[in-house]
Q: 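I'd like to ask some things about the structure below.
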Amino acid sequence: MAVAFAPRLLNPPFGDPGLYVALRHQGRAMLFDLGRIDRQPAASLLKIGHVFVSHTHMDHFIGFDHLLRIFLARELHLDVFGPPGIIANVRGKLAGYTWNLIESYPFTLTVYEVGLERIEAVHLPARTAFAPEPLPSRPFDGVLVDTPQLTVTTAHLDHRIPCLGFALAEKTRLNVRPERLAALGVPPGRWLNQLKDGVREGRPDDTPIDAEWRSADGPQTRRFTLAELREELLVTTRGQKIAYVVDTLFSRGNLERISVLANGADVFFCESLFLDADRDQASKRYHLTARQAGTLARAAGVARLETFHFSSRYDRNPLPLRAEAQAVFRGESPVDEPS
Ligand SMILES: [Zn+2]
Ligand SMILES: [Zn+2]
């Protein structure tokens with residue numbers, strides 16, 4: 001299957017969290033968490049259009065300044081999504097610098113604060129020294145981004161503060177069967193995109209689709225219905241899905257929310273700060289153990305589990321943390337039970 005999303009953690013598992021996801025077809029990228037990013041090439045950071053911040057503990061948010069500095073003088077826009085308090089957190093960061101001499105900078109930033117009931121938003125343009133322009137709020141329904149290609153959904157998890165977990169899912173993929181298209185005797189063109197958009201949007205079966213092309217005799221048109229082309233030409237395939245969960249308590253509520261959020265993911269990136277031997281530390285600090293990460297991955301029925309965000313107490317050896325999580329995930333050792 002061709003890959004739409006190419007995810008990679010920006011730091012080693014003992015470093016700050018940050019998952020960079022290249023969106024292959026668009027040449028753009030998304031970033032989940034904003035820990036230390038100053039060793040990344042600017043060219044790859046500049047592809048980022050969306051940043052999703054789980055929570056603003058320092059190890060998840062210290063990279064904001066670096067990202068801002070790279071974007072500042074460019075004609076670019078960033079959408080930043082975060083938990084309750086994120087607007088004040090971003091404005092607090094911006095208030096830490098002096099912003100004269102940037103009136104000509106075209107950079108703009110929009111911050112979305114994802115509350116339990118509503119999403120508040122504020123627009124912050126560089127040219128006005130980031131004077132906030134409030135945008136209309138909207139009810140929270142779990143969906144942060146919804147484009148014809150993909151969705152990003154979220155859930156509020158409990159880290160003694162709200163912490164957002166995320167899932168990035170490609171919409172059902174529609175591919176054209178080349179041999180059927182050839183048999184139809186009509187060349188490919190923009191009309192194929194009209195067909196795919198119509199199918200994705202669930203338009204009625206009798207919606208007309210006009211195939212238009214140029215031949216030696218001049219412009220040609222042939223009219224089809226959406227239904228006949230859908231049956232004849234298209235193959236649908238399930239899209240790719242990536243889930244990202246950090247800094248969360250192993251509770252029944254979190255287990256249920258994560259099972260839904262990460263359900264069926266191709267890759268599940270999950271923190272596991274501690275080993276099962278230190279489970280008391282984990283619950284005191286509202287974090288997961290490797291065994292608990294394995295339990296969550298099983299409950300969500302994911303294809304692959306990748307654990308990270310390991311505590312420095314384990315002497316820089318990631319192997320026991322990985323082995324514990326994978327053994328539970330594969331069913332070779334028992335799952336944990338939330339208290
Ligand atoms: Zn953390
Ligand atoms: Zn934290």
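Numbering of ligands and ligand atoms starts at 1, following listing order. Just so it is clear, the structure is predicted and the values come from calculations on it, not from any experiment. Note: hydrogens, waters and symmetry copies are ignored here, and every other heavy atom, side chains too, is used.
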Q: For the Zn ion (ligand 1), does an N/O/S atom of His60 lie at less than 2.8 Å?
A: yes
Q: Determine whether Pro17 and Asp59 make a side-chain contact, defined as any pair of heavy atoms from C-beta on separated by less than 4.5 Å.
A: yes
Q: Against Leu19, only a single residue in Ile242, Asn11, Val267, Val246 fulfils side chain to side chain contact (heavy atoms under 4.5 Å, CB included); can you say which?
A: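 Of Ile242, Asn11, Val267, Val246, side chain to side chain contact (heavy atoms under 4.5 Å, CB included) with Leu19 is met by Ile242 alone.
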Q: Within His159, is some N, O or S atom less than 2.8 Å away from the Zn ion (ligand 2)?
A: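 Yes - counting backbone and side chain alike, His159 has an N, O or S atom under 2.8 Å.
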Q: From His309, does some N, O or S atom reach closer than 2.8 Å to the Zn ion (ligand 1)?
A: yes
Q: I'd like to know whether Tyr244 forms a ring pair (Phe, Tyr, Trp, His ring centres under 6.0 Å) with Phe308, so could you lay out the CA-CA distance, the side-chain angles of the two residues, the decisive distance to 0.1 Å, and finally the verdict.
A: CA-CA 11 Å; Tyr244 178 89; Phe308 69 111; 5.8 Å; yes
Q: Measure from NZ or CZ of Arg8 to the centre of the six-membered ring of Tyr20, then state whether that distance is under 6.0 Å and the direction lies within 45° of the axis.
A: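 Geometry flag: set, cation within 6.0 Å and 45°.
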Q: Backbone or side chain, does His55 get an N/O/S atom under 2.8 Å to the Zn ion (ligand 2)?
A: yes
Q: Flag this pair as yes if the NZ/CZ of Lys241 is under 6.0 angstrom from the six-membered ring centre of Phe5 and inside a 45 degree cone about the axis; otherwise no.
A: no
Q: Which single N/O/S atom of Asp59 lies at minimum distance from the Zn ion (ligand 1)?
A: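 Closest to the Zn ion (ligand 1) among those atoms: OD2.
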Q: Is the distance from the ring center of Phe268 to that of Phe329 below 6.0 Å?
A: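 Centroid distance Phe268-Phe329: not below 6.0 Å, so no.
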Q: Is Asp16 close enough that one of its N/O/S atoms sits under 2.8 Å from the Zn ion (ligand 1)?
A: no
Q: Is His57 close enough that one of its N/O/S atoms sits under 2.8 Å from the Zn ion (ligand 2)?
A: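 Under 2.8 Å: His57 contacts the Zn ion (ligand 2) through an N, O or S atom.
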Q: Any N/O/S of Asp247 under 2.8 Å from the Zn ion (ligand 1)?
A: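 It does; at least one qualifying atom falls short of 2.8 Å.
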